[in-house]
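These notes concern the structure reproduced below.
Keep in mind it's a predicted model, so treat the numbers as computed, not measured. We count ligands from 1, going down the list as the structure has it; atoms in each ligand are counted the same way.
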Amino acid sequence: MKCGIIFFSALLWAFQNPIEAKINYNYMDEREMLHLGETFKEIERLENVVKHRHAAAFALGSDDYINGSISGVNDMMEIFNKIRWISRHYDRLRRFEMDKYENITQISLAEAQVSKKEGENLQAMEEIHRKLFGRDDLIGLLARGNQQFQIYTCKTPQSPQQFLYRFYLDYVLLELKVHALVEWSWMLLRKFGRGGSIDEENESREAYKRRTSGTLSKIKEFMSQTDRSVWRCDPRNHKLGVTYEEVTSLLQGYIENEVDLNTDGSCKRGCGYYTSSKNEGCFNNKFCSEQPKCPGGVYDCRFVESDMEICQADKNSNRRYEFIQYKSGLVHGRKKSCGTWLNRARSWNRWIFMECSYCVCLCDDQSPKSDRYFNLRPMIADVDNNRVVTGLRFVKRNRIFHLQIQEGELLPLGVINETTIQWKPVDAYTITDNDVKESVDFHMLTYEKRSIDLGELKVENNSVVTGLRFQVVGTHLQMQAQFSRVDFEKGMLIEPKSTSFWVSGAGDQQRERLPLKEVDVPTESHVPSIPFPNENQYIEFTNTGFYQDAAQSTVPYIDIRDVISDPVVPLSGIGIYYKGRDGYGGFLAPKILTYDFTPHVQLPTWESLNSRKVEDNIVN
Ligand SMILES: *[C@@H]1O[C@H](CO)[C@@H](O)[C@H](O)[C@H]1NC(C)=O
Ligand SMILES: *[C@@H]1O[C@H](CO)[C@@H](O)[C@H](O)[C@H]1NC(C)=O
Ligand SMILES: *[C@@H]1O[C@H](CO)[C@@H](O)[C@H](O)[C@H]1NC(C)=O
Ligand SMILES: *[C@@H]1O[C@H](CO)[C@@H](O)[C@H](O)[C@H]1NC(C)=O
Ligand SMILES: *[C@@H]1O[C@H](CO)[C@@H](O)[C@H](O)[C@H]1NC(C)=O
């Protein structure tokens, strides 16, 4: 938005070009010099604002991501090439000011600028404008069909709205440069007696005016409709502890003989009977003595085959088993050579007619191996020092998941003071600390309570996100967001202690479960995840499929990469969503909604432009 205001003073200069003053040639020269000098300054200022940011050009221009068959992409590439070309001319013009150059060199640059020939700058500008705002409506395509550009925009941590704005700034800079080039050129050519006719000079200015006049209202309209969320696409390579973390051993495939699932040591009911039971012993030290017993509930047992080989996982692994191979050849999990322990488990008969079968069940393994905790303590930005939330990421600390906030000092017009940005340290407590209580400080996932609500929390009045917390609503874990009122112009939180308020989503009754059944681990997918629609949904942490993974992992995984925007901005919302692919367990991840600064992008009317004195507008 700062850029918006700078942009206006530059445009004002450009449009306030008093052509009538041409009567006095010498006087005009001075005015023109002044005008040009100011245009240079504005271009410099705008360039400083957009420098160090991820340029839209950067996002689109990286070769390894170009796919020409997506509509618009080739046009975008062409535009960026022209931007580079015109910028080179502009840089040459600026060098002429510093050093002495041959007259002929300067004249040839000037003539290229005012030429109306095909492919020269004036034509190129007309072309770019037509593509963006004319019939081709590239800007509209960017605004509406952003999914098509997703793989490109993935490269920049920007919401589609920011991307559009940033792209528009590139365009504005370009128009200003062309304007400066043309004005400078006419001036130079006149000096050498090669100036154009009044009509000719007028025409190039009028073209500029015609092109730029409608663009701001158009971009503003598009921006107000454009998605403002920032989320992370999958990384090229998933890496445990770096790009993702796991809830571990929440529900895990577990082999147990029926005889050990009841208190009377009988085998008369069959595996299917045991939907919710627990381990009750270890008859005859058979397979049960070869594995750690399940310390929690044993659920959803079934009979598969009576004879199997079980490859147990390494003691340090989160898995119990690498794979299970049945006599028939059926394999649960990924078969490989078993470098650890291979055990045989074979059902046996008791009194000839009663078979004591090995059942395949799920173990709710509440042991120290199981990381299944979520922090319930609030995470609040330092509002007393005017800090607001600017980013989110999940971290796992001492087996507990925290949703960590990035905070930064709010300055006027939605700018964040970059030197103050930091990830607020999480409370690094452990679940066994003396003063730490379950359901107060942390939530423990169990077979009965393992759902998490999905969706966005946003507020459209003048408020920004200043904190968050998890609460247990019904049996669901639910994120809630704290908002505080803000004076956008002054860049101040308004009495955050008294005006802050919490926003939460719908209760668990009104939500639908996003089903996740018999899936593989998400890191095995060869195609990148896509976000699922998530309003009024929830998802249950659950085991992977028996067939795919011997039900050894807990899904969804949790994406732990930073979710921030560039430039860093205040947020008008945050959310948790699920992304994945059919057949795979997917990832849970946070998203942020950038503050909607469209209302603050100012829109002067032509009348007000003409009635105000130029000087008043340059002060900014
Ligand atoms: C390029 O995009 C088209 C259309 O979306 C798609 O069908 C094709 O697979 C893509 N090619 C590559 C190499 O990504
Ligand atoms: C360049 O043009 C200026 C102004 O017309 C003239 O004074 C100067 O002598 C020229 N220089 C050369 C090297 O022609
Ligand atoms: C410049 O051209 C526009 C339209 O092309 C015309 O309305 C305007 O009067 C012209 N100005 C001058 C100073 O010739
Ligand atoms: C940004 O923060 C730094 C460090 O706190 C401070 O010194 C500086 O004055 C701030 N900048 C602005 C523009 O407030
Ligand atoms: C802003 O909106 C939220 C939720 O929509 C509401 O709770 C809050 O009272 C509103 N604040 C003001 C000052 O309107």
Query raised in the report: Just by modelled atom types, is the Leu109 backbone N or O under 3.5 Å from a matching donor or acceptor in the Gln113 side chain?
Result: yes
**Report entry** Shortest reach to atom 13 (C) of ligand 4 by a heavy atom, considering only Val415, Leu411, Asn385, Asn386
**Finding:** Leu411
Query - Ionic contact status for Asp384 with Lys497, cut-off 4.0 Å - result: yes
Query raised in the report: Under a 4.0 Å N-O cut-off, is there an ion pair linking Glu44 with Arg94?
Result: yes
Report task. Could you check atom 11 (N) of ligand 4 against the protein and tell me its nearest heavy-atom contact, residue, atom and distance included? Result -> Asn417 ND2, 2.9 Å
Requested in this report: Determine, for Lys396 against Asp371, whether the closest basic-nitrogen to carboxylate-oxygen distance falls under 4.0 angstrom.
Outcome: yes
Query - Distance from atom 5 (O) of ligand 4 to nearest protein heavy atom, with residue and atom - result: Thr420 CG2, 3.9 Å
Query raised in the report: Is the shortest distance from atom 2 (O) of ligand 4 to a protein heavy atom below 4.0 Å?
Result: yes
Query raised in the report: Are Glu438 and Arg372 close enough for a salt bridge, meaning some N to O gap below 4.0 Å?
Result: no
Query raised in the report: Identify the closest protein heavy atom to atom 4 (C) of ligand 4: which residue and atom is it, and at what distance?
Result: Thr419 OG1, 3.7 Å
